[in-house]
Structure formats: structure tokens, C-alpha cells
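Basis for what follows: all heavy atoms, side chains included, without hydrogens, waters or symmetry-related copies.
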Amino acid sequence: QRAEDTRPTRGHTRVEPEMKGDRRTPMSSERPNLLFILLDTARPDAYGAYGGPCQTPHLDRLASEGVRFTNAFCASPICHPARASLYTGLYPHAHGMIANRCGRGAYPYRIFDGVPSYIELLADAGYRCGYAGQGHVDVRGFHDDRSLPTAQYHQWLRERGFSEGPMLTRKFQSCGRTPYPLDLARDTQFATAAVELLREYADLRQPWFLQCDFDGPHPPCYVPRPYDTMYDPGAIPLPPNLRDPLTDKPPTHLHYRRAQSGGEWGDDEWKVFLAHYFGMITMIDELVGRVLDELEALGLAENTVVVFSSDHGGFVGGHGLLYHGSPALFDEGVRVPLVLRGPRRLGLVSPAASGIREELVSHVDLLPTLLSIGGAASPDGCHGQSLLPLLSKERRRGGREAIYAAYNGDGIIGYTTRMIRTEDWKYVFHPFAFDELYDLRHDPHEMTNLAEEPSSSRRLRASRARLDDIMKEIDDPLQRNGLWRSRLG
């Protein structure tokens with residue numbers, strides 16, 4: 001059966017569009033529509049558009065028609081804080097969701113009341129706002145919510161005689177083949193819901209915003225045929241820092257690696273896992289293509305800004321770590337893909353600007369960017385800055401001098417770290433262990449921690465002072481903590 005015939009039912013509102021004129025003619029020309037495609041745990045260096053080994057033709061095309069950011073970073077390397085920062089343009093301490101809200105005994109973190117999201121602000125500006133995806137974070141403002149919770153999907157799958165098997169009982173069983181075809185995969189249902197909403201929005205007289213969140217390529221990587229055999233494990237190169245002994249790094253990193261089991265794998269086991277991770281990336285790209293193709297078929301592409309990113313990166317072998325969500329703030333966990341494509345006639349992404357931007361940018365910059373495109377003002381206190389100068393035909397300079405990121409635990413275990421990253425250096429503060437300092441120009445894989453090296457003492461002091469300035473600017477409460485103040489001397 002086709003996916004359209006078997007998709008799970010959802011409790012949702014339905015738009016009744018005003019029917020007028022040719023269905024292929026967008027009804028709103030003053031302000032563009034906005035389509036935001038968000039993945040989970042996507043490392044940019046795996047994607048073809050970023051020079052990686054994966055077959056991702058749809059993202060490759062999107063990047064060739066827009067702007068690809070090579071130094072984009074999340075605000076926190078774990079799902080809920082990272083997504084809340086996307087929605088609010090604030091770092092975690094300011095929006096309230098400082099850690100994942102997960103599992104029994106977890107503190108119920110949520111976005112503070114009174115903190116607006118770009119959904120609410122775009123809706124106030126006249127946009128119809130729709131959602132299709134996994135519904136990671138509770139956020140106000142969507143008119144049309146087609147989220148599909150995990151429990152609901154599993155029940156729907158069981159009704160069709162299938163189960164995700166070990167995924168339900170064994171968290172760290174990392175990869176395998178699903179017993180069902182692509183049309184029954186959970187991510188397929190997200191793409192189908194997004195296509196449904198595009199069809200409903202095609203004749204609206206108002207501009208619309210649609211966010212489509214995918215669950216992949218977040219491990220464990222269970223994929224249907226042919227994606228489980230698309231990549232030959234024997235031909236997959238291993239990460240250059242896979243065998244990092246971690247002996248010069250805070251002990252938390254080694255503890256997390258042991259807990260994740262991947263640290264005990266041999267090379268062949270890692271290659272099998274990576275083959276499935278790459279397969280899931282290609283599968284998700286196929287589903288992204290379905291959404292982009294429908295956008296084109298409906299005649300909406302010429303009036304729609306498309307944003308593609310991931311909530312955070314993924315270790316998937318970096319430093320021997322399998323999963324994200326640990327106190328380790330290596331680039332594998334905080335760097336994200338980011339591509340923007342806009343209608344050229346609106347000057348958002350002109351031929352002169354198309355290509356690559358290497359400036360440092362943060363996920364908190366997306367809220368002011370989306371609001372500027374939609375004709376809405378950013379709220380007071382926003383930590384982000386609009387990316388529009390980087391997308392103009394004049395190729396104006398922009399970006400950040402440094403990236404800040406924070407980690408506050410996984411929702412059950414609390415542990416605080418802070419990071420500042422410039423083009424050439426990274427410093428990570430650990431309140432309960434020794435710090436980290438990396439020379440990224442000469443050590444891009446972060447193998448050698450220089451924090452305890454006497455020759456790096458001046459750089460260490462300068463990095464701490466710079467992080468202190470940023471924490472003051474954004475009013476990070478950790479800046480007032482005695483453990484941090486003791487680092488400054």
C-alpha cells in the first residue's frame with residue numbers, strides 16, 4: 001500500500017483555504033512563505049553537500065541553489081535545550097529548558113511562561129503556522145499541529161503487524177534493518193504530514209510557516225531496505241579521533257563513553273554502525289526530497305524561503321562516543337548543517353550571494369532571521385542576530401567573533417559545562433574537573449588538551465576572560481558562581 005493509504009490518523013486542526021485562481025499560483029506575494037526542515041543528530045561532514053560520503057542529492061541541490069553555512073553551531077548539544085533555543089533565540093538559561101525532559105524522575109523542564117517563540121511571533125504577524133514531526137518540545141502558537149508521538153506511532157505500527165523490536169527495550173542496540181518498508185517508517189509519516197499541509201496551504205491568502213521535524217538520523221539507526229545495505233562497511237573510513245584515549249580530558253567523557261558501550265567496539269563493529277547511520281541519512285534525504293518536490297509541484301517554491309538544519313550534531317564515533325547529550329562539547333556534537341534558500345526575486349539569496357559562508361553563526365540567530373524575513377520584530381533580550389546581511393547580494397560581512405554553548409545535564413543527571421569557540425580556539429569550562437583548551441587550526445579533531453600546558457597559559461587566560469564577557473552579556477547565572485570566578489584568578 002502507498003503511504004497515503006496507511007498513514008496514522010492524527011488529532012489535528014484543518015485549514016479551510018480560500019479557493020481562488022490557479023492552484024499552482026501562490027496567493028501571497030508580499031511576504032514569503034517559510035519552510036523549516038529540522039533533523040536530529042545530523043553531522044554536517046557526513047553530507048554530500050559538505051564533502052561527506054553520503055548520497056544526499058536533495059540537500060545537495062538545495063545547497064547549490066542557496067547558501068551553505070560551514071561554521072554553524074547549536075546552543076546546546078542535547079535535543080530539548082537545543083530546540084528551545086531555536087524556537088526562542090535564547091540560550092538555555094534564559095528560556096528555561098536547560099536539559100531534556102525525559103524519563104521517570106526527570107525534572108519537568110519547559111520554556112518559561114512569557115518567553116515567546118518564533119511560532120507565536122510569526123502567527124501574530126499574520127502567518128498560518130503548521131507543524132509536522134516528532135513534537136520534541138511543547139511550544140505554543142501552531143495553528144495546525146500534525147505531530148506524531150512515539151507511543152502513538154508504535155501502536156499504529158503494531159496494528160499493522162509490525163514492531164520496532166529491540167529498539168523498544170534495548171537503548172544501545174545501535175543499528176539494524178526494520179521489518180517494515182519505507183512507507184511505514186516513522187519519518188515517512190512526518191514527510192507525508194508535511195506534504196498534506198503544503199497542499200492545504202497552497203491556496204491561502206496569507207503567508208504560511210511550516211516546520212517539518214524528522215527523528216533521524218538520531219541513533220539507533222534502524223532502516224528499511226535498501227538503506228541498510230546501501231553503504232559497504234568495508235569501504236567506510238573510521239573517524240580520525242575514534243581511538244582518542246581521553247586521558248587528558250575530564251573524566252566525565254570517559255564515563256559517558258563506557259556507559260554508551262561503543263567504546264568497547266572493534267573497527268568492524270563501528271563500520272557496520274556507520275553504514276546504517278549513512279543509510280539513514282540517505283533515507284531522510286529521500287523524504288526531504290518528497291517535501292521539496294511537493295513545494296515545487298504546487299508552484300510554491302518561488303515564494304518560499306527554505307531552511308535546513310539539525311537540532312545538534314552527533315558523535316557517531318567521534319572520540320569513541322556513540323551518542324550525543326554528554327558534557328563533551330567537541331565539534332562533532334555542537335556543529336550543525338545549515339542551508340538557506342530564498343526567492344531570488346526578493347533579494348534574500350541572490351546569485352551573487354549563493355554559495356558558502358564560513359562565518360561563525362549560532363542557532364539562536366535563526367529566530368531574528370525568520371522574523372526579519374516575515375516582517376516581524378525580534379523580542380527584547382534576544383541573544384541572536386539576523387543572518388540576512390550574510391544573504392544579501394552585497395555579500396556584507398557578519399557572523400560572530402565567537403560561539404557560546406552550554407550543557408546542563410541530560411534531564412536526569414545534572415552536570416554543567418560552558419564553551420567558547422572562535423575560528424582558531426576552543427575553551428570549555430568544567431566546574432568539577434579540569435578545563436579543556438584546543439588549538440583548532442593545528443588540532444581540528446581536538447585530540448590534545450592544552451589547558452594544563454604552561455605554554456598555553458596566556459591563551460587560557462584570554463579564553464576565560466572572553467567567555468566571562470559573553471556570560472556577563474547574556475546574564476548567564478553561572479558567571480556569578482564561585483567556581484567560575486576562581487578560574488579567573
Side-chain angles (χ1 to χ4, degrees), residues 1-8 10 35-44 46-49 52 54-63 65 130-136 146-150 152-153 156-157 160 162 164 167 175 177-178 180-201 210-231 276-298 300-301 304 306-311 314 336-339 341:
Q1 287 181 295
R2 293 165 41 199
E4 289 83 355
D5 299 326
T6 60
R7 62 185 182 274
R10 305 172 178 85
L35 172 61
F36 187 9
I37 298 172
L38 186 65
L39 275 56
D40 194 327
T41 319
R43 276 183 58 163
Y47 286 76
C54 293
Q55 300 172 35
T56 52
H58 300 287
L59 178 59
D60 296 354
R61 178 187 170 189
L62 190 71
E65 297 171 345
Y131 178 82
Q134 57 178 321
H136 243 92
R146 308 293 171 85
S147 57
L148 180 60
T150 301
Q152 183 178 337
Y153 169 68
W156 175 84
L157 198 60
R160 280 147 186 82
F162 294 104
E164 291 191 315
M167 289 180 65
C175 63
R177 176 191 297 166
T178 66
Y180 48 81
L182 177 62
D183 281 353
L184 297 186
R186 188 181 182 203
D187 282 306
T188 303
Q189 313 316 310
F190 303 152
T192 300
V195 166
E196 290 173 350
L197 282 172
L198 285 177
R199 291 170 180 170
E200 293 178 14
Y201 287 178
L210 172 59
Q211 182 161 328
C212 179
D213 289 359
F214 289 98
D215 193 43
H218 189 307
C221 299
Y222 278 69
V223 289
R225 294 177 185 268
Y227 302 100
D228 61 319
T229 58
M230 183 171 287
Y231 295 91
H276 285 80
Y277 179 72
F278 292 171
M280 182 170 279
I281 286 176
T282 299
M283 182 192 83
I284 299 295
D285 187 74
E286 163 64 25
L287 299 175
V288 168
R290 295 186 186 185
V291 178
L292 296 178
D293 288 348
E294 189 67 23
L295 187 76
E296 191 83 31
L298 292 169
L300 297 170
T304 301
V306 179
V307 181
F308 174 96
S309 193
S310 175
D311 58 353
V336 294
L338 178 60
V339 174
R341 184 188 74 185

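- In this structure, the separation between CE on M283 and SG on C221 is 9.0 Å, given to the nearest 0.5 Å.
- The shortest side-chain heavy-atom distance between V288 and F214 falls under the 4.5 Å cut-off.
- Side chains of F308 and R341 form no contact here, defined as non-hydrogen atoms less than 4.5 Å apart.
- Separating the CG atom in L35 from the CG atom in L300 is a distance of 10.0 Å, to the nearest 0.5 Å.
- Rounding to the nearest 0.5 angstrom, the gap separating the NE2 atom in H218 from the NE2 atom in H136 is 6.0 Å.
- Atom CD in Q211 sits 11.5 Å away from atom OG in S147 (nearest 0.5 Å).
- With rounding to the nearest 0.5 angstrom, the OG1 atom of T304 is 8.0 Å from the CG atom of L198.
- Evaluation of the side-chain hydrogen bond (donor to acceptor under 3.5 Å, both in side chains) rule for R225 yields no partner, not counting sequence neighbours.
- Formation of a donor-acceptor pair under 3.5 Å by the D187 side chain with backbone atoms of D215 is found in this model.
- Contact annotation: the side chain of L59 approaches that of V339 to within less than 4.5 Å [non-hydrogen atoms, C-beta and beyond].
- By the 4.5 Å heavy-atom criterion applied to side chains, D285 and D60 are not counted as neighbours.
- From I281, atom CD1 reaches atom CD1 of I284 across 9.5 Å, with rounding to the nearest 0.5 Å.
- A salt bridge is defined here as a Lys NZ or Arg NE, NH1 or NH2 lying under 4.0 Å from an Asp or Glu carboxylate O, and R290 with E286 meets this definition.
- Here the closest non-hydrogen pair linking A46 and Y277 is CB-CE2, 4.5 Å.
- Side-chain contact between I37 and L292 is present, with at least one heavy-atom pair separated by less than 4.5 Å.
- No donor-acceptor distance shorter than 3.5 angstrom exists from the side chain of Y180 to the backbone of F162, with no hydrogens or angles considered.
- Looking at heavy atoms from C-beta onward, L287 lies out of side-chain contact with T192 at the 4.5 angstrom threshold.
- Here the side chains of Q134 and D40 are in contact, with some heavy-atom distance below 4.5 Å.
- With contacts defined as side-chain heavy-atom distances shorter than 4.5 Å, the pair L157/R186 does not qualify.
- For T56 (side chain) and Y47 (main-chain N/O), no donor-acceptor pair under 3.5 Å exists by modelled atom type.
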Could you please spell out the steps behind the side chain to side chain contact (heavy atoms under 4.5 Å, CB included) verdict for L148 and W156?
CA-CA 10 Å; L148 180 60; W156 175 84; over 6 Å; no

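- In plain terms, the two heavy atoms of A132 and A193 that are nearest each other are CB-CB, 3.7 Å.
- Side-chain atoms of D228 do not come within 3.5 Å of backbone N or O of H276 as any donor-acceptor pair.
- Checking side-chain atoms of S310 against main-chain N and O of P337 turns up no donor-acceptor pair under 3.5 Å.
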Working for side chain to side chain contact (heavy atoms under 4.5 Å, CB included), residues V291 and L210
CA-CA 11 Å; V291 178; L210 172 59; 5.5 Å; no

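- With sequence neighbours left out, Y131 forms a side-chain hydrogen bond (donor to acceptor under 3.5 Å, both in side chains) with D213.
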